[in-house]
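For the numbers below, each heavy atom of this structure counts, side chains included, while hydrogens, waters and symmetry mates do not. So that the names make sense, note that chain A is the first sequence line, chain B the second, and so on, each numbered from 1.
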Amino acid sequence: MELSKNFEPQEIEKKWYSHWMNSGYFKSVPDGREAYTIVMPPPNVTGVLHMGHCLNNTIQDILIRRARMQGKNACWVPGTDHASIATEAKVVAMLRERGITKSSLSREEFLKYAWEWKEKYGGIILEQLKKMGCSLDWDRTAFTMDPDYYKSVIEIFVRLHNDGIIYRGLRMVNWDPASKTALSDEEVIFKDVDSKLYYVTYPFADGSDGGITVATTRPETILGDVAICVNPIDERYISHIGKEVLVPIINRKIKIIGDEYVTADFGTGALKVTPAHDKNDNELGKKHNLRALNTLDEEGKFTLEELEDDLINDTIISYAGVDRFALRKKIALDIEAIGGLQKIEDYKSQVGTSERTGAVIESRLSLQWFMDMKKFIATNPDIAAAVADERIKFHPQKAKNTYAHWMDNIKDWCISRQLWWGQQIPAWYDAEGRFVVAENEEKAKEMFNIQFSISNAQLKQDEDCLDTWFSSWLWPMEVFKGISNPNNADINYYYPTTTLVTGQDIIFFWVARMVMAGYAFKQTQPFKDVYFTGMVRDKQGRKMSKQLGNSPDLLLLIDQYGADAVRFGIMIASPAGNDILFDEMALEQGRNFNNKMWNAVKLLKMWSLRTTEAGQRTTEARQRTTDDGQQATTEGELWSVDSGLWSALWFEARLNEAKLEVNDMLNQFKLSEALKVIYSLIWDDFCSWYLEWVKPGFEQPIEKAVYEKTVGFFSELMELLHPFMPFVTEEIYHLLEERKDDLCTHVYAAPVQANEKILGEGALLKNIISGLRDVRNKNQIKPKETIKVHIQTVEAAVYKSIESILTKQINAEAITYVNDAVSGTITTVIGKDKFYIETEQPLNVAGQKEDLEKELAHLKGFLVSVEKKLSNEKFVANAKPEVLAIEHKKKADAEEKIKIITDSLATL
RNA sequence: GGGAGUUUAGCUCAGUUGGUUUAGAGCAUCUGCCUUACAAGCAGAGGGUCACAGGUUCGACUCCUGUAACUCCCACCA
């Protein structure tokens with residue numbers, strides 16, 4: 001079969017993904033094996049695949065594929081999240097384009113459109129994951145609004161309400177005027193903004209001169225002011241407390257009150273109190289028994305509904321329906337016109353914005369549903385403890401602190417949203433506003449009968465729906481129907497899940513709440529390890545965003561480089577928890593790596609095989625003993641045969657060593673480091689060293705035994721790499737020889753210890769080859785020009801097994817062993833041995849001298865530092881014996897080398 | 001304002017309980033090669049006062065204190 005020049009991923013990826021699917025390799029059903037479970041963090045149904053998903057899902061696929069190859073029952077569950085706010089916003093926008101407003105639709109009509117939208121676009125992201133090679137159990141695809149899932153969410157709500165943990169109350173909430181809904185504290189993101197501080201004077205109501213000046217960033221709320229507050233120990237204002245002032249424009253009389261809450265040295269030391277539009281003001285208002293006057297409607301526009309009729313004037317009427325930001329400027333101007341504005345200062349402050357819509361949050365008094373988190377956590381001490389004592393392990397560990405801190409300062413969770421897309425709150429009201437909480441209307445009626453003695457009450461369900469996270473916190477359980485059908489075979493087998501892979505940004509939103517749900521509803525942790533990914537940034541370290549246009553099109557990248565290369569590129573430099581700077585160069589590296597392996601296959605395919613008696617005998621001898629120095633018939637044959645077998649022994653040792661290392665790293669979730677080890681093992685050790693060592697001469701056959709070993713090594717390398725780069729490895733696995741099985745479900749053999757002795761010999765050989773090649777380079781010896789090498793060593797025996805490889809690798813025509821310097825040659829020292837290189841090139845004595853002197857100076861410096869240590873009595877007295885021994889050896893080695901170099905310099 | 005973290009080669013990162021030949025990779029750079037698997041390649045090389053200043057110790061990239069810069073989390077001083 002003729003192989004293409006370069007690896008061509010497109011067709012190969014399609015072929016293998018459908019083969020894996022048709023073979024049912026990703027499908028998991030409970031059996032006797034150990035389960036390895038990952039539930040995918042469900043992307044929003046509105047989502048399209050971006051770099052964050054790519055990183056996240058590549059990691060999950062690596063873990064799940066490795067588990068599968070370890071013989072575990074690997075189960076990776078896909079699915080999507082209904083994402084109430086984001087999705088509803090998209091559907092509303094889609095309707096607007098078609099000229100339909102949400103308000104013109106009934107709830108049922110709207111939901112019909114929403115479901116249509118979900119059916120059409122909701123699966124896109126999952127299809128895209130297939131392109132990346134993700135080995136998900138597609139039969140288990142779940143959605144947070146599936147009928148059973150929906151029922152479970154409602155059931156949990158009812159349960160928590162009955163336990164007194166969920167309650168309804170009038171509170172200051174975070175209001176998003178863009179989506180017209182309340183938000184939880186976690187959904188508010190504070191941003192630094194340049195704003196202005198307006199100094200506004202409120203004249204005294206009794207007509208006396210002057211007044212009191214406050215500094216405010218929000219003049220648009222002035223019409224809702226109900227008091228001015230100063231610190232009671234602030235001498236400037238003590239005498240003013242109790243006096244009345246007039247609110248500009250509306251001329252409402254309000255009192256000056258005293259409270260320690262106000263800091264005297266900020267602004268003017270006087271604070272305007274607007275209980276309807278500020279959390280702190282609201283607290284202050286409650287304390288001092290003040291009214292809350294709302295002047296902004298649900299869209300953040302001015303409303304005069306709650307204002308005193310007799311105070312309303314034409315100016316105020318002109319504000320009606322004006323947006324808060326325009327109103328701010330307008331009111332400032334109007335106050336300035338009546339001489340109430342003293343000055344405007346630039347001011348940097350922070351404003352809360354909606355995580356989903358980006359709109360500036362208003363604090364707003366509103367009747368909402370809350371969860372009493374302190375009470376909830378108190379009933380389940382494991383929720384905090386499990387992370388602290390590492391029953392649930394975070395990677396990186398530092399995330400533990402973040403979690404603990406949040407738990408310690410937890411606040412009530414606002415779970416109601418003024419949206420239609422989501423689980424509708426199961427509270428039922430009668431005309432008088434009395435309500436009960438029940439799974440359905442029928443039960444609600446029964447409860448009304450019991451609680452209020454009303455039979456067949458006319459009930460209306462709460463219009464609002466639940467926070468998306470109130471459904472996704474059940475994800476690891478409910479994807480296995482753990483709530484809707486408790487104790488079924490799946491939940492008992494797969495739960496607790498094994499590993500969760502997610503972003504640190506949702507540690508509170510999701511991770512912490514899943515831990516809570518796990519302990520509260522299933523009495524166990526939801527997962528054992530949590531791997532936090534960082535954020536994918538561009539190479540300048542900026543966040544990827546649509547506005548900056550620095551977010552690459554993932555599907556295009558897969559098209560250009562292949563899925564394996566993309567997976568390689570995103571993984572090669574991404575330690576757990578660190579942000580990764582995405583650079584397309586890394587993808588190129590991945591693509592080049594594919595080619596490298598591809599070409600290695602081509603090389604193997606070119607070789608013809610032979611079986612010699614010598615090879616046969618040597619192979620048998622090798623099997624009896626791993627010692628070197630076996631006899632064979634003719635020298636030439638021995639070398640060519642034996643060097644191949646020696647190389648194979650060396651690579652086997654190196655492979656074993658690397659396998660143990662990779663295993664260890666993966667157990668510690670050091671994925672990118674493991675990949676680096678495999679990369680270097682394949683590129684450097686296998687391709688650059690091993691294959692060059694066993695490669696037969698032009699049109700020469702290769703010993704069959706060596707060839708078979710080589711195919712075996714290559715297969716094992718593909719096994720090791722497969723979780724990271726599934727497509728190319730599967731393809732090569734099958735190209736190497738006829739197979740009955742697939743790599744995808746191949747089970748790793750247990751790793752064995754490496755042969756240290758041969759590893760040492762290999763290191764020596766590499767060292768000498770590099771050293772002599774360097775000499776060739778420095779002396780401008782042409783690659784094709786052969787050299788003669790005379791080696792002066794006390795351990796000539798060691799060189800026997802590597803001699804033929806050395807000859808080939810440095811293009812030597814002969815290697816001999818000598819006891820004295822050889823004149824007219826290039827002298828170099830590698831380790832403790834001297835090498836004399838005979839060449840046609842004119843000798844560059846000065847250059848050699850320079851090199852040797854440089855080396856000598858280095859060694860002398862080193863020796864001085866060692867001697868200094870050894871002559872230090874305290875060191876000799878305190879250091880551990882093995883440390884001391886090392887220092888002595890260092891000294892002896894350095895002295896020996898110095899002598900060797902000094903000798904060489906003398907003969908030059 | 002509180003807390004956590006980071007700072008090692010031009011860039012991205014390793015460096016395990018302080019001692020393993022006066023710090024290791026990959027990428028980039030430089031030099032030489034179109035050598036029959038691969039120029040998307042081969043061979044080789046250069047490049048670091050381990051942020052700074054002190055301290056502990058026989059010995060510090062590693063431990064302690066302080067300083068600086070950056071990052072993240074928490075907290076609505078209007």
Side-chain angles (χ1 to χ4, degrees), chain A residues 3 5-7 174 188 190 197 214-218 229 261-263 265-268 270-274 278-281 347 349-352 361 363 396 398-399 401-402 405-406 409 504-505 507-508 534-535 539 541 572-575 577-581 583 585-586 588-589 591-606 670 672-673 676-677 679-680 687-688 691-692 695 698-699 769-770 773-778 780 782-784 811 858-859 861-866 868-869 872-880 882-884 886-887 889-891 893-894 897:
Chain A
L3 294 180
K5 182 174 182 331
N6 289 325
F7 178 64
N174 307 300
V188 178
F190 284 91
L197 206 48
V214 303
T216 178
T217 53
R218 303 203 58 196
C229 189
Y261 167 72
V262 178
T263 35
D265 52 9
F266 184 88
T268 63
L271 169 75
K272 72 184 204 61
V273 184
T274 324
D278 185 282
K279 258 184 202 166
N280 292 314
D281 288 16
Y347 182 65
S349 70
Q350 286 202 309
V351 298
I361 295 300
S363 286
K398 63 180 177 185
N401 298 332
T402 316
H405 185 258
W406 186 72
N409 298 290
Q504 306 157 298
D505 51 333
I507 182 166
F508 308 134
M535 196 176 296
K539 61 178 167 184
I572 194 67
S574 98
N578 275 23
D579 285 356
I580 82 156
L581 302 190
D583 190 344
M585 295 275 274
E588 254 176 68
Q589 199 187 340
R591 181 199 58 190
N592 296 353
F593 186 32
N594 278 337
N595 268 333
K596 187 69 186 177
M597 294 186 282
W598 186 251
N599 278 293
V601 179
K602 275 164 61 183
L603 176 65
L604 262 66
K605 292 282 154 193
M606 284 171 59
K670 294 182 175 177
S672 66
E673 283 195 61
K676 278 179 196 168
V677 170
Y679 174 78
S680 163
C687 293
S688 296
L691 287 182
E692 292 298 331
K695 188 160 133 184
F698 183 55
E699 291 190 336
I769 292 172
S770 294
R773 279 172 176 170
D774 187 29
V775 170
R776 295 187 60 117
N777 251 332
K778 284 209 173 100
Q780 292 170 320
K782 292 254 155 24
K784 281 180 181 154
N811 196 17
H858 176 262
L859 281 167
F862 178 70
L863 184 62
V864 168
S865 78
V866 176
K868 214 167 112 191
K869 256 192 212 176
N872 183 329
E873 282 171 30
K874 285 184 177 171
F875 170 73
V876 179
N878 293 326
K880 281 181 276 183
E882 57 267 34
V883 173
L884 207 57
I886 289 165
E887 292 303 316
K889 180 153 174 19
K890 279 191 203 170
K891 181 171 182 257
D893 284 356
K897 281 189 199 166

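- Side-chain contact between A:K890 and A:I886 is present, with heavy atoms from C-beta onward closer than 4.5 Å.
- Put simply, the side chain of A:K279 never gets that close to the backbone of A:N174: no donor and acceptor are under 3.5 Å apart.
- Residue A:Y679 places at least one side-chain N or O closer than 4.0 Å to OP1 or OP2 of B:rC27.
- Side-chain nitrogen and oxygen atoms of A:R591 include none within less than 4.0 Å of the OP1 or OP2 phosphate oxygen of B:rA40.
- Taking the side chain of A:I886 as heavy atoms from C-beta on, and the options B:rC42, B:rA37, B:rU20, the nearest nucleotide is B:rU20.
- Contact annotation: A:K874 side-chain N/O to B:rU57 OP1/OP2 distance is not under 4.0 Å.
- With B:rU22, B:rA14, B:rA43 as the candidates, the nucleotide lying closest to the side chain of A:E673 is B:rA14.
- Look at the P atom in both B:rC27 and B:rC34: the space between them is 23 Å, to the nearest Å.
- Of the P atoms belonging to B:rG15 and B:rC58, the separation is 29 Å, rounded to the nearest Å.
- Across all strands shown, A:Q350 has heavy atoms under 4.0 Å from base atoms, whether or not it also approaches the sugar-phosphate.
- An OP1 or OP2 oxygen of B:rA78 is reached within less than 4.0 angstrom by a side-chain nitrogen or oxygen of A:Y347.
- Counting only heavy atoms from C-beta on, A:V883 has its side chain closest to B:rG19 among B:rG44, B:rG19, B:rC74.
- In the set B:rA78, B:rC73, B:rC77, the nucleotide with an atom closest to the side chain of A:L271 is B:rA78.
- Among the heavy atoms of the strands lying under 4.0 Å from A:K670 are primed sugar atoms or P, OP1, OP2 only; no base atom is included.
- Checking B:rC74, B:rA40, B:rG19 against every side-chain atom of A:N6, the shortest atom distance belongs to B:rA40.
- Counting any heavy atom pair closer than 4.0 Å across all strands shown, A:N872 reaches sugar-phosphate atoms only and no base atom.
- Between A:N578 and the phosphate of B:rU6, there is no side-chain N or O to OP1/OP2 separation shorter than 4.0 Å.
- For A:T216 and B:rA78, the shortest distance from a side-chain N or O to OP1 or OP2 is not below 4.0 Å.
- At distances below 3.5 Å, at least one donor-acceptor pair connects side-chain atoms of A:T216 with backbone N or O atoms of A:R218.
- Counting non-hydrogen atoms under 4.0 angstrom, A:T263 reaches a base of the nucleic acid.
- Within 4.0 Å of A:E692, counting heavy atoms only, lies at least one base atom of the nucleic acid.
- Between A:S349 and B:rC76 there is no side-chain polar atom (N or O) within less than 4.0 angstrom of OP1 or OP2.
- Nucleic acid contact for A:S680: none, since no nucleic acid atom lies under 4.0 Å from a heavy atom of the residue.
- Comparing B:rU20 with B:rU62, their C1' atoms are spaced 15 Å from each other, to the whole Å.
- In this structure, A:W406 and A:F508 have parallel ring planes: the angle between them is below the 30° cut-off, well short of the 60° mark.
- A gap of 30 Å separates the P atoms of B:rC50 and B:rG3, to the nearest Å.
- Using a 4.0 Å heavy-atom criterion, one finds that A:C687 contacts the bases of the nucleic acid, with or without backbone contacts as well.
- Heavy atoms of A:V262 sit under 4.0 angstrom from at least one base atom.
- You'll find that the side chain of A:N595 is closest to B:rA40, out of B:rA37, B:rU12, B:rA40.
- Using P as the reference atom, B:rG47 and B:rA23 are 13 Å apart when rounded to the nearest Å.
- Here the side chain of A:D579 pairs no donor or acceptor atom with the backbone of A:G534 at under 3.5 angstrom.
- Here A:K890 does not reach the OP1 or OP2 of B:rU22: none of its side-chain N or O atoms lies under 4.0 Å away.
- Taking the C1' atom of each, B:rC38 and B:rG24 are spaced 28 Å apart, rounded to whole Å.
- Distances shown here put a side-chain N or O of A:K5 below 4.0 Å from the OP1 or OP2 atom of B:rA39.
- Nearest nucleotide to the side chain of A:S363, out of B:rA37, B:rA43, B:rC76: B:rC76.
- Among the heavy atoms of the strands lying under 4.0 Å from A:S688 are primed sugar atoms or P, OP1, OP2 only; no base atom is included.
- Within the structure, a side-chain polar atom (N or O) of A:H858 is placed less than 4.0 Å from OP1 or OP2 of B:rU22.
- Side-chain proximity of A:K596 to the nucleotides B:rG41, B:rC76, B:rC74 is greatest for B:rG41.
- In this structure, A:K889 reaches the bases: a heavy-atom distance under 4.0 Å links it to at least one base atom across the strands shown.
- Set against B:rA78, B:rC58, B:rC38, the side chain of A:N878 has B:rC58 as its closest nucleotide.
- The side chain of A:K676 approaches B:rC13 more closely than any other nucleotide in the set B:rC38, B:rC13, B:rC74.
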